[in-house]
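So the structure is just underneath, and the comments pick up after that.
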Amino acid sequence: MKYIFVTGGVVSSLGKGLAAASIGTLLEHRGLTTLMQKFDPYLNVDPGTMSPYQHGEVYVLDDGAETDLDLGHYERFTSGVLSRMNNLTSGQVFDSVIKKERRGEYLGKTVQFIPHVTDEIKSRMHQVTVDNPKTDVLITEIGGTVGDMEGLLFIEALRQFALEVGKENVCFIHVTLLPYIKAAGEVKTKPTQQSVAKLRELGIQPDIIICRTEADLDEDNRKKIAMFCNVERKNVVAFRDVAHTIYECPLDLRRDKIDRLVVDKLGLGHTPSPALENWERFVQRVIHPKHKVTIAVAGKYIELQDAYKSIYESLIHAGAHHDTKVQIVRVEAEAIEDQGAKAVIGDVDGILVPGGFGDRGTEGKILAAKYARENKIPYFGICLGMQIATIEFARNVCGLKDANSTEFDKVTKHPVICLQEEQKGVEDMGATMRLGSSEAILFAGTKASDLYGNADRIQERHRHRYEFNSDYQERLQEAGLVISSVSADEGLVEIVELPEHPFYIGAQFHPEFQSKPNHPHPLFAGFVAAALERSQLH
Ligand code: GLN
C-alpha cells in the first residue's frame, strides 16, 4: 500500500478535507483504489457528544461510528467504504493506551508519549493496511494546523511510520494559505514558508505544497515557495477559491496535475489520466441548471454553515439530477413560533425539517409541518423531522391535543414518540443511540416504495434515541397516516407518509449520509422533483 498524508498550515478552515477528498477523486478516476481517513487531535473519543456549535455535523458511517464531517466529503468524493477504523482521535489513542497500562500490557515499563502513544497511532495505520489489502492508496488527513501542540504526537507518529514503510511509499502533502494583502496588492508567501519550516523542524519534508489562494498563483511566487520550502517548482500546486461548488475542487487541483505528481512520487507506474467527464457533467449541471426551486430548511443551528452539511449537499445532488438549482432558505424554527409559518415560509416550494436534539424550536417545526400538510407544500422530515410530522399529525388530525415526544415533554398524555425500553436506563451520552445502518422493509404501493424503485428492502443509517410509539400506530393509521417502512428486526416505524399529498414524507433515518454527486438519494430526488412541480404551478 502507498500512503498520502495531508497536513494543514497557517490557519484552519483551509479546505484541507476537500483537498484530500479531491485527491481521492482524481486518483480513483485514474483507476486506483483509494481509502480515506482522518486523524483528529482532540480528546473527545468521537465527535458524537460535541455540540454542532463546536463541531458542525456529526457524520454517521454504516457501522454506526459517529465521525468528523470530513468523512462525509470522503464518502461523497470517493467510493471507498469507511468504518470506525477510519477516524482516529487523540481520545481513542489515550483511551487505548491507558486501558493497556491498566491491564499490565506494558510489562512494568514507564508508559511514555514516545514510543507508547506514537506506537498506538502507528498500530492503527498498520491495522488499516492489513484490513484493506486491495487498497492502492490510503489517504490520511491530519486535523488541526501544524504547530498546534495537540497535533505533535500524530506528526511524530507519521514521521516514524514513513521510515518504517519506506519513504518511497509515502507522500506528504501540506495545504497552506497564501493571504492576499489588499493594501499592498500582493499575495504573501511568508506564512507558508514558516509553516513548512515548522513541519521540517518536526522531521517532515513535504513532497507537495497545496496553496490556497483567492487569485491565481503566479510564476514568481511558485518559484519562491519552491526555493524556501525545498520542493520542486512543479510540486507547488495552486488551489483557488472555487466559484460555484465544492465539486469543482478536483477539477481545480487537476490544473496543476496533482494526481500525476502523487502517482510519480509514489512510483505507481503508468496510470491513465483521470476520466472526469461524468464528474464534469455533474459540475456543469450544478453551475448552469435550467430550473430553480426554493426550499426552506427549518432547524435549530441554522446560522452555522456546517450543522446540516450532508443535507445541503444531498439537495445539491438531487437538484443536479433534475437540472435544478436548489435555493436554500435557512429558517430558524423559533422564528416560525414568533411570526407564524405563512410569514416565514409562505412562498417556498418545499419544506425540510432536519434532525435535531432538545426542545428549542420544536413548536416552530410543528407549525412548519402543519403548514406544509395543509397547503400541500412538499415536506421532507428527517429523523427529528419525521418525529415532528408524527406529533403534528397526532395533534391536528387525530385530535390528540397534547401529543408530544417524551424528549420534549416527559409527562405528555400522548407520547406518540418515546424511548424504547432498552434506551430507558442509558446514562452514558457517548455512542449510546441507535446508530448506523440497518435494514428496513418497504411496503409496496406506497410513495416511498415507488421512489426506491419498488425495492422491498433498504439499508439506511440511523442516529437517534427516540422512536415512533407503536401503541399509537393503529390510531394514526386509521386517521390516514401511512407507514411505508418498518425496521426488519424490530418492526420500528422507519418512514411515514401522507398519500393525498404531493410529497409528505418523514424518515426516521438519515438519508443524507448516502447521497452522492451522480447518485442522489431517492427520497431527496423525489422531494426536489415535487418541489419543482410545485414551482412550475405558479
Ligand atoms: N432527538 C431525536 C432522537 O433522539 C432525533 C434525533 C435526530 O434527529 N438525529 O430520537
Side-chain angles (χ1 to χ4, degrees), residues 46-53 55-62 64-67 69 72 297-302 304 306-312 314 333 351-366 368-369 379-392 394 403-410 412 415-438 440 460-470 472 485-487 490 492-496 505-515 521 523-524:
D46 63 42
T49 53
M50 277 191 236
S51 146
Y53 287 109
H55 187 269
E57 167 182 281
V58 173
Y59 188 81
V60 181
L61 302 178
D62 274 341
E66 297 173 278
T67 69
L69 60 80
V297 176
K300 178 175 167 189
Y301 307 103
I302 217 72
L304 304 174
D306 285 345
Y308 306 109
K309 184 124 221 142
S310 294
I311 288 181
Y312 298 148
S314 301
I351 297 168
L352 189 154
V353 175
F357 296 84
D359 68 351
R360 180 167 70 79
T362 48
E363 289 301 322
K365 293 175 191 173
I366 291 171
Y379 175 89
F380 190 13
I382 294 180
C383 206
L384 176 65
M386 172 272 201
Q387 301 174 353
I388 291 287
T390 306
I391 296 167
E392 193 280 317
N404 215 334
S405 162
T406 52
E407 181 178 6
F408 316 130
D409 179 0
K410 290 216 163 15
T412 172
V416 289
I417 305 291
C418 65
L419 283 182
Q420 286 290 98
E421 240 6 86
E422 64 262 26
Q423 277 286 342
K424 286 191 179 151
V426 171
E427 281 179 8
D428 267 6
M429 294 300 281
T432 53
M433 285 187 251
R434 179 178 171 207
L435 284 167
S437 183
S438 57
E460 293 283 359
R461 298 182 190 174
H462 295 76
R463 181 173 188 255
H464 58 105
R465 255 180 241 290
Y466 293 81
E467 302 281 354
F468 187 108
N469 183 349
S470 56
Y472 285 88
S485 174
V486 296
S487 66
E490 291 182 80
L492 299 168
V493 172
E494 295 278 17
I495 305 180
V496 297
I505 288 187
Q508 183 59 85
F509 48 82
H510 288 273
E512 71 272 26
F513 297 143
Q514 297 205 90
S515 176
H521 189 284
L523 295 182
F524 276 94

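Sequential numbering from 1 along the given sequence is applied to the chain's residues. Numbering of ligands and ligand atoms starts at 1, following listing order.
At a heavy-atom cutoff of 4.0 Å, ligand 1 is contacted by the side chain of H510 but not by its backbone.
Note on ring orientation: taking the six-membered ring where Trp is involved, the planes of H521 and F509 are tilted (angle from 30° to 60°). Note on ring orientation: taking the six-membered ring where Trp is involved, the planes of Y308 and Y312 are perpendicular (angle over 60°, cut-offs 30° and 60°).
Panel note: side chain R461, backbone Q514; no donor-acceptor pair is recorded below 3.5 Å. At distances below 3.5 Å, at least one donor-acceptor pair connects side-chain atoms of T390 with backbone N or O atoms of M386.
Looking from atom 4 (O) of ligand 1 to the surrounding protein, the closest heavy atom is R465 N, 3.0 Å. Among protein heavy atoms, the minimum distance from atom 10 (O) of ligand 1 is reached at Y466 N, 2.8 Å.
Near C383, with a cut-off below 4.0 Å to any heavy atom, the atoms of ligand 1 are 5 (C), 6 (C), 7 (C), 8 (O), 9 (N). In the vicinity of R463, heavy-atom distances shorter than 4.0 Å reach the ligand 1 atoms 6 (C), 7 (C), 9 (N).
Under the 4.0 angstrom criterion for non-hydrogen atoms, Q387 is in contact with ligand 1.
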Assess the residue pair C383 and R463 against the criterion (side chain to side chain contact (heavy atoms under 4.5 Å, CB included)); give the C-alpha distance rounded to whole Å, side-chain angles, the decisive distance to 0.1 Å, and a yes or no.
CA-CA 8 Å; C383 206; R463 181 173 188 255; 5.9 Å; no
Using the side chain to side chain contact (heavy atoms under 4.5 Å, CB included) rule, take E512 and Y59 through it: C-alpha gap first, then chi angles, then the decisive distance, then the call.
CA-CA 10 Å; E512 71 272 26; Y59 188 81; over 6 Å; no
Apply side chain to side chain contact (heavy atoms under 4.5 Å, CB included) to residues L435 and E66 and explain how you reach the verdict.
CA-CA 8 Å; L435 284 167; E66 297 173 278; 3.6 Å; yes
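Of the candidates E407, R434, Q508, the one placing a heavy atom closest to atom 1 (N) of ligand 1 is E407. In this structure, of G356, G358, S405, G385, the residue bringing a heavy atom nearest to atom 6 (C) of ligand 1 is G356.
For the pair F357 and ligand 1, the shortest N or O to N or O distance does not fall below 3.5 Å.
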